[in-house]
Amino acid sequence: MGNKHIEETLTDYFGELLNEPNEATLTAAPSKNEVVDDPMDVESSSAQAKPLEVKHAPIKLAETKPIKSRAIEATPVQEAPAQNNVSQTSNKNLVFEEKKSKKINVIEDDLKEESRQVSKPAVGPLGSYKKPFVSNQELTPSAEKPSSSVEQSVVPLSKASVSQSSDAVGTAAYQQHKQRLERMLQQVSALDSSSNTIAPTVTPPTVAPPTTESRISTETEVSEQEQVDVSLDVAAYEMPPLSSEWLGNGRPNWAQEQFDILLIEVNGLQLAVPLVALGQIQDLDEEAMTSLFGQSDWFMGLQKTPMGNVKTVNTAKFVMPERYKDEHNYKYVVSINGLSWGLAVDNIHQPISIDPDSIRWRPKRDSRPWMAGMVKDHMCVLLDIPAMGEILQEQDKNHAQTTGG
Amino acid sequence: MASNAAQKTTSDDPVLQWVTFRLAGETYGINVMQVQEVLRYTEIAPVPGAPEYVLGIINLRGNVVTVIDTRNRFGLASGEMTDNTRIVIIETEGHVIGILVDSVAEVVYLRQSEVETAPNVGNDESAKFIQGVCHKNDELLILIELNKLLTDTEWAELEEV
């Protein structure tokens, strides 16, 4: 019982207060103007209560204060039999007061026990609520706990007097309060469990899919009826671009097995491009190409194709500006798969199937990341078209704004 | 309202009218609501100390109007004056200015949904003048956002011309 917590003892205490008739008079702190049955008793009680105040100092003030006031009023009961001028009515009250004072002493005894266990970490309100309640029988024999010299000097109560405190009123009050607290605990646990169950029911976004669906269907209607060109545009780029990721074996994602390359000529230089990363090949018509002002010099313009506008890149100026001659002989635009970008080339040869081992892959691609390696058999540079596509997309500020990049 | 007349709204896809003109072999479009009138080429009086994109000033019915060298502003090579050269008087940002163009073509109707985003690669500031591109009559129109044609600082410079 020495481990009984302050909350439990206070629970007993307040439980009694709630059920006993003289609650108001008992809880009220005595003032100078207050009418007391025997002023002498008050004086003596205050004298007895002093040591208690000192003992309770380390404990929370809010908890010790009411107990102190109880002790002040209750102490006269101990000396009541010695008073001859007490009336019959006050005698009854005093008997009741005596019982209460004994209980209070038990409570204070427990509080002191708690105050001795300063080193123990404080238990939060919820933690103390969750502890199993101690039965009344466990509460009453407080004298069985190991008593210290301090306790004995402060609370000189015998076993008999302690057992008297566990009277019918106290037990009923305790039981009632216990039940009330248990009900509260149930409510709290119910609240906890309900809060746990609410979260998953709210989180699934069930509304979003129909909204998206309806929006898409509306757009589809418009594009089918009035926007034929736009629908072609969408069809051209609906294939996602190839990933530019390089794997641990030092090869790009698209060159893990045997793959096809296309040999192209750009400004007199032969280059190789992976076939899988290409989209379409269109004739280049510079007359029909729309040039836009304010762009980089490697940007030739917009090439109109049946699949939409292709942003055409002057390939030689993009990959080797230092070697570029102003005269070029571009005949074709090779578009990048999944993107609206295309590379202007002079000539295109037949595709060749090639083994990844026949290419000297670049270990570092910090500079010129569009260069994947060298095709040993043809001694030409293999372009990393997916990486080049990413670079071009990043260069386009309007694309970055659209995609939030 | 005039603006409502020029802007036929079909559901959420407004139809806008654009005045098209030619410049250095390309066709451009400007919002018809910002065009006040189109003038034949007249003598432009140069202004000493004016910014390089300013050709000079003209007298328009008693009002002095500054004429902008559009080719210079767009970063294009300079051209020669022809019989088709026009000065388009526009109003933008509360200012009235003239822009010199190779020729004025027509007024076209374009749906908002038909306008595509133009690429913007490079660091040239003039790229911000392009609002978008749009296919019309088998050619690609470059739509110009006149409100971005000059910055606040440049407008202040024009006031001093």
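Just so it is clear, the values below take in all heavy atoms, side chains as well, and ignore hydrogens, waters and symmetry mates. Just so we're on the same page: letters track the sequence lines, and every chain starts at 1.
Here the side chain of A:D396 pairs a donor or acceptor atom with the backbone of B:N120 at under 3.5 angstrom.
Ring-plane geometry between B:F129 and A:F293 is classed as tilted, the angle between the planes lying from 30 to 60 degrees on a 0 to 90 degree scale.
At a threshold of 4.5 Å between non-hydrogen side-chain atoms, the residues A:T290 and B:V133 do not count as touching. B:D138 places a side-chain heavy atom less than 4.5 Å from the side chain of A:K304.
Open room surrounds CD on A:E257; 12 or fewer heavy atoms of other groups in view lie less than 6.0 Å from it. No more than 12 heavy atoms of other residues, nucleotides or ligands sit less than 6.0 Å from atom CD of B:E80. Counting non-hydrogen atoms of other residues, nucleotides and ligands closer than 6.0 Å to CE of A:M379 gives a total of 12 or fewer.
Of all the heavy atoms in A:N398 and B:P119, the pair that sits closest is ND2-C, 4.0 Å. When all heavy atoms are compared, the tightest approach of A:Q295 to B:V121 is OE1-N, 2.8 Å. When every heavy atom of B:G122 is checked against every heavy atom of A:S296, the shortest pair comes out as CA-OG, 2.9 Å. Heavy atoms only, all atoms of each residue included: B:A127 and A:G294 are closest at CB-O, 3.4 Å. Nearest heavy-atom pair across B:I142 and A:S291 is CD1-O, 3.6 Å.
Heavy atoms closer than 4.5 Å to chain A are found in the side chain of B:I144, but not in its backbone.
Rounding to the nearest 0.5 angstrom, the gap separating the CD atom in B:E26 from the CG atom in A:L292 is 7.5 Å.
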